[in-house]
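The chains referred to below are lettered A, B, ... by the order of the sequence lines, with proteins before strands, and numbering in each begins at 1. Just so it is clear, the structure is predicted and the values come from calculations on it, not from any experiment.
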Amino acid sequence: MPEIRHALTKKREDDFAAWYQEVITAADMAEESGVRGCMVIKPWGYGIWERIQRLLDDRIKAAGVQNCYFPIFIPLANFEREAEHVEGFAKEMAVVTHHRLINDGYGKLIPDPAAKLEEPLVVRPTSETIIGDAMARWVQSWRDLPLLTNQWANVVRWEMRTRMFLRTSEFLWQEGHTAHATRDEAESETKRALEMYRACAEEDLAMPVITGEKPENERFPGAVETWSIEAMMQDGKALQAGTSHYLGTNFSEAAGIKYQSQEGQEALCHTTSWGVSTRMIGGVIMTHGDDDGLRVPPAIAPQQVVILPMLRGKDEEADAALTAYCDELRGMIAAQTALGERVRVLLDTRPGKAAAKRWDYVRKGAPIVIEVGSRDMEAGVVSLIRRDQLWNMETGKANYQTPSREEAAAGIGAMLEDIQSALFSQAAARRDANITRNVGSIDDVAAHYSGDAKYPGWVEVQWAKPTGAALEKAVETLKEHKLTIRNVPIGAEPADGACIFTGGPAVERILLARSY
RNA sequence: CGGGGAGUGGCGCAGCCUGGUAGCGCACCUGUUUUGGGUACAGGGGGUCGCAAGUUCGAAUCUUGUCUCCCCGACCA
């Protein structure tokens, strides 16, 4: 087997964390900003986020949810109204205390003591409390329900340890907030959002997930139930890629979200909240990336096809003819559809060698790269590479196809759809192969994770769903093995054995994993 | 926030121990060459060494402080 010269210097199997960072740099997605925990998202990375936004926003609106925008600053007092909520977020809030700077007399600017705020403002870590205020104003009658809102925004959580896309101090997300008349309605909205996230992850990001309910200790602060989608990364760790919460009447009580029923009775609303963030991009990297860089699923690729004419820069007439040939190809491809949308195609005529640009787009993970040289033009063909089938294993070189220009254009939609499903299938197969089921005891769990397997994946165990101190003890035990409970998968087999923590009869199955 | 490591042209690094105003590879620019796959050769531009203060005749090199990043932990989308 020939030696393959990969486009990255780091390999996943050698140092997954270093590889992850190299992908972000090599694909030109984002960079450090110099501000603690905050990143600059560059066009390719932001373009992926815009695609996710577009597709998810359509799903949100299709469910009858309307977009709004709420302030970035939230009065401190709002957080004091819900005890668990403030406890959960208090340690990671950025607080604005002054509204003006003055010169300190030594050439430095300092907050003006005379401009101290009466009440500090918190930079939102999440918006339940301020949206709750609005809901309290907007909801009077049963006719105002359900109230279905969403906002696309940035939030700030002062995390101790940050990693690009996975955990940044500031991140971009959407947060849906809904109010309902009954518990049933609110719970079904919680599940609807969860299912929406599953579809978004699996269909748009080609990232298979396990949906399920979080255990009590992993709940969102102030929630009655928290549900999540969990994705398996290539190192076998779990990434919580989205959450949906049933908040009961906790926030309604705090903010006074009440309505008068048809019978004339005053009642508290049942509320929900749900969100996904730029973390999903980290999930895409660790799900689809390979030793040559990122592989972007076509549905969320800013450009699905990149055409690179091999311009010589010597013979203007020849270059113009080649550019025209490529532009016709661009037009033909742009008229095609894939995954229900017009194909996004870029003709890159910037000066520079096509061969060098090819590797730039390989690292970026553009699904299809088409190179066209003068000889291709004469023969009426193009040289096409699928990013998901980059290498010819026999030659160790890039795996070119040379269809005619017309065939290439006509087949582009089907090829993009095939790449989309191939990426999902690969990821799903890897996930399924790395979940070990029916692990019967905590010792077996420990053995599984202390074995030789470099990436031991997840294990499924049964438990008695302990609460309170018993749950804390179970969590402690798991922590010794750096494990966490991911969720109680929806649709799992019923329990039929003993709880690995208590030995008593189990009531359900849970997934354990190391996590991001 | 605790433990460890690191910040030197766009990227990756050497120099620092034994102070004397900066070097390599890639990238970039120019020219020649090559021309179907990450071409080769020659020439060239760009950094005052994270930031601040201190020691010194002199600091990338020593001291102190500070900011940022990476790894391990605690916390979390």
Side-chain angles (χ1 to χ4, degrees), chain A residues 4-7 9-10 15-18 20-22 25-26 28 31-39 87-93 106-108 125-126 154-175 197 214 217-221 226 228-231 238-245 273-283 292 308-315 318 322 351-363 369 371-379 381-383 385 392 395 397-400 402 479 482 484 515-516:
Chain A
I4 287 175
R5 183 183 163 195
H6 287 290
T9 62
K10 304 274 196 317
D15 186 343
F16 198 78
Y20 175 78
Q21 294 193 109
E22 189 181 3
T25 305
D28 211 20
E31 63 186 16
E32 294 299 338
S33 65
V35 180
R36 183 196 170 77
C38 297
M39 63 179 171
E87 189 170 335
F89 284 105
K91 283 177 283 185
E92 55 186 51
M93 293 204 280
Y106 301 96
K108 297 280 183 209
T126 181
N154 57 339
V155 290
V156 169
R157 299 182 186 178
W158 212 262
E159 300 291 351
M160 293 294 96
R161 196 171 152 206
T162 59
R163 300 189 73 187
M164 280 210 249
F165 289 111
L166 296 176
R167 188 178 298 103
T168 44
S169 300
E170 178 190 24
F171 56 93
L172 307 181
W173 77 346
Q174 64 59 225
E175 47 180 327
Y197 289 155
K214 285 290 200 182
N217 62 306
E218 299 264 357
R219 266 182 213 141
F220 175 75
T226 287
S228 72
I229 55 172
E230 302 283 334
L239 181 73
Q240 180 173 306
T243 49
S244 183
H245 316 289
S273 68
W274 27 274
V276 299
S277 71
T278 36
R279 168 178 273 192
M280 285 195 127
I281 296 173
D292 297 293
L308 302 175
M310 301 181 69
L311 303 172
R312 297 268 173 79
K314 300 282 180 192
D315 181 341
L322 185 58
K353 290 168 196 150
K357 286 199 276 185
R358 169 173 77 244
W359 291 106
D360 289 342
Y361 286 107
V362 163
R363 283 184 282 263
V369 175
E371 292 171 54
V372 187
S374 56
R375 222 171 288 169
D376 289 319
M377 179 168 68
E378 283 160 26
V381 302
V382 300
S383 298
I385 305 180
N392 179 325
T395 63
K397 306 246 170 157
N399 188 23
Y400 287 97
T402 53
K479 197 182 263 183
K482 299 180 184 177
T484 55
S515 75
Y516 278 97

(message) Do the side chains of Arg363(A) and Asp360(A) get close enough for a salt bridge, i.e. N-O under 4.0 angstrom?
(response) yes
(message) Both Lys482(A) and Thr243(A) contact RNA chain B. Which one's nearest nucleotide lies toward the 5' end?
(response) Lys482(A)
(request) Check the distance between C70(B)'s C1' and Met160(A)'s CE and give it to me in whole angstrom. (result) 17 Å
(request) Answer yes or no: does a side-chain N or O of Arg358(A) lie under 4.0 Å from OP1 or OP2 of G38(B)? (result) yes
(message) Under the criterion side chain to side chain donor-acceptor pair (under 3.5 Å), I'd like the reasoning laid out for Ser515(A) against Gln240(A): C-alpha separation, chi angles, the key distance, then a yes or no.
(response) CA-CA 8 Å; Ser515(A) 75; Gln240(A) 180 173 306; over 6 Å; no
(request) Ignoring backbone atoms, establish whether Gln240(A) has a side-chain N or O less than 4.0 Å from OP1 or OP2 of C76(B). (result) no
Taking only N/O atoms, report every protein-nucleotides 3-12 of chain B pair under 3.5 Å with atom names and distance.
none

(message) Any side-chain to backbone donor/acceptor pair from Arg157(A) onto Pro125(A)? Under 3.5 Å, distance only.
(response) yes
(request) Grab the CZ-C1' distance between Arg163(A) and A74(B) for me, whole Å please. (result) 16 Å
(request) Work out which heavy atom in Thr484(A) is nearest to a heavy atom in Glu218(A); give both atom names and the distance. (result) CB-OE2, 4.1 Å
(message) Applying the Watson-Crick and G-U wobble criteria at under 3.5 Å, what pairs with C16(B)? Answer none if nothing qualifies.
(response) none
(request) Ignoring backbone atoms, establish whether Lys479(A) has a side-chain N or O less than 4.0 Å from OP1 or OP2 of C75(B). (result) yes
(message) Donor-acceptor check, side chain of Ser33(A) to backbone of Cys38(A), threshold 3.5 angstrom: yes or no?
(response) yes
(message) Please report the distance separating the C1' of A60(B) from the corresponding atom of G23(B), rounded so that it comes out in whole Å.
(response) 12 Å
(message) Ignoring hydrogens, what is the shortest heavy-atom contact between Ile385(A) and Glu371(A)? Give both atom names and the distance.
(response) CD1-OE2, 4.0 Å
(request) Could you pick out which residue, Glu170(A) or Gly37(A), lies toward the 5' side of RNA chain B when each is mapped onto its nearest nucleotide? (result) Gly37(A)
(request) Indicate whether OP1 or OP2 belonging to G36(B) is found under 4.0 Å from a side-chain N or O atom of Arg375(A). (result) yes
(message) Considering every strand and a 4.0 Å limit on heavy-atom distances, what is the contact class for Thr168(A): base, sugar-phosphate, or nothing?
(response) base
